[in-house]
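From a predicted model like this one, the values you see are computed outputs, not experimental measurements.
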Amino acid sequence: MNLCDIREIKQIMNMFHLNFRKELGQNFLTDRCVVEDIADGCCDDRRSTILEIGPGIGTLSWALAERYDKVVALEIDKGLIPVLSFTMGEYRNFSVVNEDVMKADLGALLAEDFARGSVSVCANLPYYITTPILMKLLESGLPFDNITIMIQSEVADRLCARAGKSEYGAITAVLAYYGQAEALFTVPADRFVPAPKVNSTVVRIRLYKERPYHPKDEALMFRTIKAAFEQRRKTLSNALSAGFSELSKEQLTDIIVACGHRADIRGEKLSIADFVALSDAIGEAIQSKK
């Protein structure tokens with residue numbers, strides 16, 4: 001069975017009386033080399049458990065199951081569960097759960113796997129829900145080793161951008177707090193069926209075992225990042241003044257300068273280390289007023 005062959009994909013869909021569901025972002029890969037490259041790149045430890053999000057008909061699942069000790073897949077589309085039983089039936093190390101990743105208790109689902117060894121994530125994410133899924137994984141507090149995702153190339157550019165680049169934004173800074181993102185390779189739109197309108201990029205995020213950044217108040221750091229980019233056309237002092245009514249614009253400007261930045265700097269110039277220092281200083285200023 002070749003799950004990368006367009007004819008076999010359509011045959012399987014017809015066999016189970018299924019249609020491609022656009023609202024779920026279902027686009028299946030038709031390039032076996034790309035599938036194998038994703039599977040090879042998602043994790044260094046072949047003894048790992050892989051959490052696969054959105055396995056579809058199993059296009060990537062088989063490659064993961066052949067390389068890693070265990071694959072646990074989450075599939076939201078109930079109609080694809082019998083398909084996966086058919087396409088993945090020979091792999092004893094593969095299991096699928098019919099559940100929405102945004103509602104799933106990942107800690108409970110993977111408790112035994114985390115206790116046994118390393119766990120990484122691999123997914124071909126629908127474009128419309130990339131950021132919510134990524135943030136759930138990052139904020140879960142679960143000790144994933146890597147998160148490897150195939151996403152819209154424009155989004156990948158944002159995730160991997162360096163401070164000072166036009167693509168750099170709030171999600172870039174937040175992601176840098178949790179780990180290091182690296183673009184592995186680009187996948188042209190014509191390698192999917194149905195073909196999306198844009199190219200995709202495979203990104204691997206290596207999560208920190210021990211984070212190098214230690215804000216005094218994590219929530220305040222995230223609030224600072226959010227405020228800095230909500231009005232990114234404005235200077236950082238103007239953007240922060242809209243997000244921190246507790247302090248005057250003059251106070252915020254003084255804090256920015258005290259942290260070693262120009263008074264007219266914009267948020268996109270600050271690294272995650274800069275945001276940690278800035279939020280700590282803002283926190284101290286707020287506390288001093290109480």
Side-chain angles (χ1 to χ4, degrees), residues 25-45 48-56 59-61 63-64 67-68 71 73-74 101-102 106 118-140 142-192 195-209 211-213 225 229 268 271-272:
Q26 288 179 347
N27 303 93
F28 301 142
L29 269 168
T30 59
D31 189 320
R32 187 183 180 96
C33 290
V34 170
V35 169
E36 295 192 347
D37 285 345
I38 295 172
D40 284 335
C42 82
C43 185
D44 297 325
D45 187 353
S48 295
T49 293
I50 305 297
L51 171 65
E52 184 185 9
I53 301 170
T59 306
L60 176 59
S61 307
L64 294 173
R67 287 163 173 77
Y68 303 101
V71 179
L74 282 176
V101 65
M102 295 303 295
L106 299 180
S118 64
V119 180
S120 288
V121 178
C122 193
N124 174 11
L125 293 182
Y127 295 158
Y128 72 96
I129 200 170
T130 295
T131 299
I133 291 178
L134 180 56
M135 290 310 301
K136 172 168 183 175
L137 293 171
L138 295 175
E139 293 173 349
S140 69
L142 297 173
F144 294 113
D145 280 17
N146 304 281
I147 299 174
T148 302
I149 49 178
M150 181 162 57
I151 53 179
Q152 185 176 349
S153 290
E154 182 181 348
V155 177
D157 290 342
R158 290 204 293 272
L159 295 185
C160 301
R162 301 291 183 185
K165 299 295 184 180
S166 60
E167 297 86 359
Y168 186 82
I171 183 63
T172 326
V174 170
L175 175 55
Y177 175 64
Y178 291 101
Q180 295 179 310
E182 174 191 8
L184 299 183
F185 53 88
T186 297
V187 184
D190 62 7
R191 307 297 170 86
F192 297 86
K197 295 180 181 179
V198 295
N199 294 336
S200 300
T201 297
V202 178
V203 174
R204 180 162 75 172
I205 304 164
R206 294 181 183 271
L207 300 181
Y208 294 123
K209 293 296 184 184
R211 291 178 198 155
Y213 311 107
I225 293 171
F229 289 100
E268 65 194 46
S271 67
I272 183 58

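Scanning both residues, V203 and C160, for their nearest heavy atoms gives CG1-SG, 4.0 Å. Heavy-atom minimum distance, T148 versus C42: OG1-CA, 3.1 Å. The minimum heavy-atom distance linking I129 with P132 is given by the pair O-CD, 3.3 Å. When every heavy atom of Y208 is checked against every heavy atom of Q180, the shortest pair comes out as OH-CG, 3.3 Å. Across all their heavy atoms, V174 and M135 have their closest contact at CG1-CE, 3.6 Å. Taking both residues in full, the closest heavy atoms of A181 and L175 are given as CB-CD2, 3.7 Å, listed atom of the first, atom of the second, then distance.
Listed by chain and number, the residues in a ring pair (Phe, Tyr, Trp, His ring centres under 6.0 Å) with Y178 amount to none (sequence neighbours excluded). Partners of A73 under the side chain to side chain contact (heavy atoms under 4.5 Å, CB included) rule, at least two apart in sequence or in another chain, are E52, P55, F94, V96.
For the side chain to side chain contact (heavy atoms under 4.5 Å, CB included) with L64, the qualifying choice from C122, S48, C43 is C122, the only one to do so.
Between the CG atom in L51 and the CG atom in L106 there is a gap of 6.0 Å [rounded to 0.5 Å]. One distance of note links CG of D45 with CG of N146; it measures 10.0 Å at 0.5 Å rounding. Taken to the nearest 0.5 Å, the CG atom of D145 stands 13.0 Å off from the CD1 atom of I205. Summarising the geometry, atom CG belonging to L60 is positioned 10.5 Å from atom CD belonging to E36; distances are rounded to the nearest 0.5 Å. In this structure, CG in L184 is found 11.5 Å from CE in M150, a value given to the nearest 0.5 Å. Here L207 contributes atom CG and I147 contributes atom CD1; the two are 4.5 Å apart, rounded to the nearest 0.5 Å.
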Practice task
Could you please spell out the steps behind the side-chain contact (heavy atoms from CB on, under 4.5 Å) verdict for I38 and L29?
Solution key: CA-CA 11 Å; I38 295 172; L29 269 168; 3.8 Å; yes

Practice task
Test side-chain contact (heavy atoms from CB on, under 4.5 Å) on F229 and I171 and set out the steps.
Solution key: CA-CA 10 Å; F229 289 100; I171 183 63; over 6 Å; no

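Residues V121 and L137 are in side-chain contact: their nearest non-hydrogen atoms beyond the backbone lie under 4.5 Å apart. A 4.5 Å side-chain heavy-atom check between L142 and V119 finds every atom pair outside the cut-off. The shortest side-chain heavy-atom distance between L159 and I151 falls under the 4.5 Å cut-off. Taking the side chain as every heavy atom from C-beta outward, I225 and I272 approach each other to under 4.5 Å.
Checking side-chain atoms of S153 against main-chain N and O of S200 turns up a donor-acceptor pair under 3.5 Å. In this structure, Y68 contributes its side chain and A39 its backbone to a donor-acceptor pair below 3.5 Å.
Under the salt bridge (Lys or Arg N to Asp or Glu O under 4.0 Å) criterion, the residue pairs touching residues 157-182 are E154-R158, with sequence neighbours excluded.
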